[in-house]
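A short write-up of the structure that comes next.
Letters A, B, ... mirror the listed sequences (proteins, then strands); counts begin at 1. Just so we're clear, the structure is a prediction, and the values are computed from it rather than from any experiment.
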Amino acid sequence: EPEVTQTPSHQVTQMGQEVILRCVPISNHLYFYWYRQILGQKVEFLVSFYNNEISEKSEIFDDQFSVERPDGSNFTLKIRSTKLEDSAMYFCASSEQAGLSYNEQFFGPGTRLTVL
Amino acid sequence: RKEVEQDPGPFNVPEGATVAFNCTYSNSASQSFFWYRQDCRKEPKLLMSVYSSGNEDGRFTAQLNRASQYISLLIRDSKLSDSATYLCVVANYGQNFVFGPGTRLSVLP
C-alpha cells in the first residue's frame, strides 16, 4: 500500500540553526501539506502546496518557514533559524485531489524536531 | 469559540462496550468531515470520512448534522486495539484540515 515517508524520524538541532525536513508524498498525489503537533497539543496546519506553489498557509508559517518541491518526488520544509518553540512533531501529508468533498489526506510518520 | 471542539475525555471503557464521541465545529462553510485515530507519538490515520447521510464501517458509525454543526462517532463492541486518541477533523472546500484536540479512549480488559 502506498504511503507517505518522512526523514529523518528525529532531528536534534541548536537554536538558531537551519533544518530541512523531508517528505516523499504518495506518487500520484497532487496536493501536499505540512502540519505540526507540539507535545500534548492538537495537530495544527502549517501550509498546503499545489502545482509548485503555496496555496494556503497559517499564521504559524511565518518568514522563517519555506517549502519546496525540488524534484518530482520530494517535498521539503525548511526552518531558517530554529527557536525553542519550534520543537514539535512535524507531519507531512498528501492527497490525491482537493476541492471536492472527500479529499482524504494521508499522513507520514512524522519528524520529531527537538531544538536545544 | 474554538473551531473544532471534542469531548475532553479520557474515556475508560471495558472491552465490548459501546462508546460515543461528539464533535462540534464553528465554521458553517465546512465541507469535509473525517474521523482520524492517533496512537501515542504516531501519525493520524484515517478512520473514516463522514457523509451527510451517515455511514457505517463494521463496528464504527459516523453521523453528521450540518444544521447543528455536529459530528459523532460510535464504536460498538470495543476492542483493546481501539485504544487511541480519536481526532475530529473538518475541512473547508478542498483545503487544509482543522483538527479537534482529540478524545483519548482506553479500552480495558
Any side-chain donor near an acceptor of the partner, Q37(A) and Q38(B), under 3.5 Å: yes
When P44(B), P101(B), G102(B) are compared by non-hydrogen pairs under 4.5 Å with chain A, the top option: P44(B)
CD/E59(A): more than 12 non-hydrogen atoms of other groups inside 6.0 Å: no
Neighbourhood of chain B inside residues 16-23 of chain A, taking heavy atoms under 4.5 Å as contact: none
F107(A), part contacting chain B, at a heavy-atom distance under 4.5 Å: both
Interatomic distance, E43(B) atom CD to E3(A) atom CD [nearest 0.5 angstrom]: 8.5 Å
Cluster link V67(A) to Y90(A), ILVMFWY, side chain under 4.5 Å: yes
Heavy-atom pair of closest approach, residues N96(B) and E56(A): OD1-OE2, 2.7 Å
More than 12 heavy atoms from other groups under 6.0 Å of NZ on K83(A): yes
Residue pair S49(B) / E104(A), side-chain heavy-atom distance below 4.5 Å: yes
hydrophobic_cluster_shared for L64(B) and Y86(B), side chain cutoff 4.5 Å: yes
F99(B) vs E44(A), side chain to side chain contact (heavy atoms under 4.5 Å, CB included): CA-CA, chis, key distance, verdict: CA-CA 7 Å; F99(B) 283 80; E44(A) 299 174 289; over 6 Å; no
Connected via hydrophobic side-chain network under 4.5 Å: F61(A) and I38(A): no
R104(B) atom CZ, neighbour heavy-atom count above 12 within 6.0 Å: no
Pairing residues for R41(B) by the side chain to side chain contact (heavy atoms under 4.5 Å, CB included) criterion, not counting sequence neighbours: L39(A), R112(A)
Linked, directly or transitively: F45(A) and W34(A) (ILVMFWY side chains, under 4.5 Å): no
Heavy atoms from other residues, nucleotides or ligands near CG of D63(A) exceed 12 (cutoff 6.0 Å): no
Whether Y35(A) side chain and F97(B) backbone form a donor-acceptor pair below 3.5 Å: yes
Separation between SG of C88(B) and NZ of K42(A), rounded to the nearest 0.5 Å: 11.0 Å
F11(B)-L73(B) co-clustered via ILVMFWY side chain contacts under 4.5 Å: yes
Reported CZ-to-CG distance for the pair F106(A) and L46(B), which is rounded to 0.5 angstrom: 6.0 Å
